[in-house]
Structures are given as structure tokens and as C-alpha cells.
Amino acid sequence: MKEKISAEVLPLMEDFYTIQGEGFYQGHAAYFIRLGGCDVGCVWCDVKESWDASAHPLFHVDELCERAKVSGSNIAVITGGEPVMYDLTSLTTKLKNAGLRTHIETSGVYPLTGTWDWVCFSPKKFKNPDPTIFPLAHELKVIVFNKSDFAWAEEFASRVNASCQLFLQPEWSKEKEVLPLIIEYVKSNPKWQVSLQVHKYMNIP
Ligand code: SF4
């Protein structure tokens with residue numbers, strides 16, 4: 001019988017050991033587990049091939065965990081696609097039992113499952129987040145595509161918890177025009193920090 005997606009079996013687009021290029025953990029070695037499947041539909045998405053979950057092979061969480069463990073990384077980053085589409089309880093429990101920190105990158109469009117050491121919440125304009133994500137976010141990372149996104153970012157900053165780290169990151173294709181705006185904005189509003197996708201400068205995944 002063909003296996004189905006469950007808490008024990010998840011669609012994997014790719015997994016790889018690299019350097020976290022963005023946000024609070026920028027520069028740290030991290031094992032990325034990119035799950036397939038996303039229904040958010042960002043027009044500027046740079047991983048559109050992730051959207052169709054059925055296009056990606058299914059893996060048992062034990063195997064995903066073993067691959068992360070043998071990499072030698074201290075951190076597993078679960079990303080997508082949109083990983084909160086799935087029950088991540090078993091995956092995160094097993095990663096933690098194997099001694100890895102569990103980090104997630106999510107637009108928060110469904111309630112979060114699993115046990116997390118770090119939640120990076122990156123809201124998207126194309127689908128509203130589930131309100132349960134706000135108190136859980138350790139990091140708010142807003143992708144800035146144009147000037148109006150600063151006001152949009154502030155709406156989210158007012159809803160996350162007081163200790164949440166706030167990042168503004170230029171959308172990659174707009175970086176030349178948007179980065180100078182972000183720099184000025186952060187200078188005027190220093191609760192925010194600039195996040196750059198440094199892995200793209202280093203030519204690593
Ligand atoms: S949420 Fe992420 S994977 Fe999904 S469309 Fe947006 S950028 Fe792409």
C-alpha cells in the first residue's frame with residue numbers, strides 16, 4: 001500500500017548541511033530539511049518547485065532525523081515549502097532526542113505543532129497567519145518588496161511578544177532598490193535589524 005503523509009512520514013524536497021544565511025542565526029552551521037508542499041502562493045517565491053507536495057518523495061521521520069544527526073550539525077532548520085501544513089510533533093521530538101536544536105521557518109498560516117527551540121515567523125501577504133503564531137515567534141522576519149511593506153511589518157511587530165527579534169529583509173530581486181530604504185528605516189526605528197540572505201553572496205544553498 002502506498003504510504004501517506006502523516007506525522008511519521010513527510011514529503012522531502014531536499015535536505016542539506018549549510019550555513020544559515022538569514023535572520024538571528026545567520027552564520028551558524030545548520031542542517032536544513034526542506035519539506036515539500038505550500039499553499040501560500042507568494043508571487044516572488046524562489047522555491048516554487050516546493051509547492052506541490054505530491055512531487056516530492058516521502059521519508060520516514062526516523063530517516064530524516066538520522067540524516068540530520070550524521071551531518072554533525074547542532075541545529076536542524078525545518079523549512080519549506082510551508083512546514084506548518086504538517087504535524088511536526090514526531091520529527092521535532094526525534095531531532096531533539098538526537099541532540100539537535102529544532103528551528104522552523106514558517107509563514108504561520110496553520111497552528112504550529114512540535115517542540116521548537118527557535119521559531120522564525122515570516123508572514124506573507126498572500127495568506128493571513130493563524131493568530132496562535134504571534135506569542136510563539138522568537139523572530140519576526142518581514143520580507144520587504146516595496147515601501148508599503150514597512151507599515152505592514154509594524155502591524156506584525158505590534159502583535160508578537162516583547163522579546164521577539166525583529167528583522168527586515170529585502171526581497172532578493174528587489175534588493176538594489178529596497179535595501180537603501182531598509183537601512184534608513186532601521187536607523188530611524190532601531191528596534192528592527194537588517195537581515196540579508198548572505199548564503200546567496202556565498203553561493204551556497
Ligand atoms: S510561503 Fe515560502 S514556499 Fe510558500 S510561496 Fe511563500 S515564499 Fe514560497
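Start at 1 and go down the list; that is how both ligands and their atoms are numbered.
Applying the ring-ring contact (aromatic ring centres under 6.0 Å, His included) test to pairs two or more places apart or on separate chains, those with a residue in residues 4-28 are F16-F32, F24-W118, Y25-H28, Y25-H103, Y25-W118.
Excluding waters, the protein N/O/S atoms found under 2.8 Å from atom 8 (Fe) of ligand 1 are C45 SG.
Under the 6.0 Å distance and 45° angle rule, K174 counts as a cation-pi partner of F145.
The pair K147-E177 fails the salt-bridge criterion, with no side-chain N (NZ, NE, NH1 or NH2) lying under 4.0 Å from an Asp/Glu carboxylate O. By the 4.0 Å N-to-carboxylate-O rule, D39 lies close enough to K127 to be salt-bridged with it. For K69 and D62, the salt-bridge test fails: no basic side-chain N is under 4.0 Å from an acidic carboxylate O.
Panel note: side chain Q20, backbone E22; a donor-acceptor pair is recorded below 3.5 Å.
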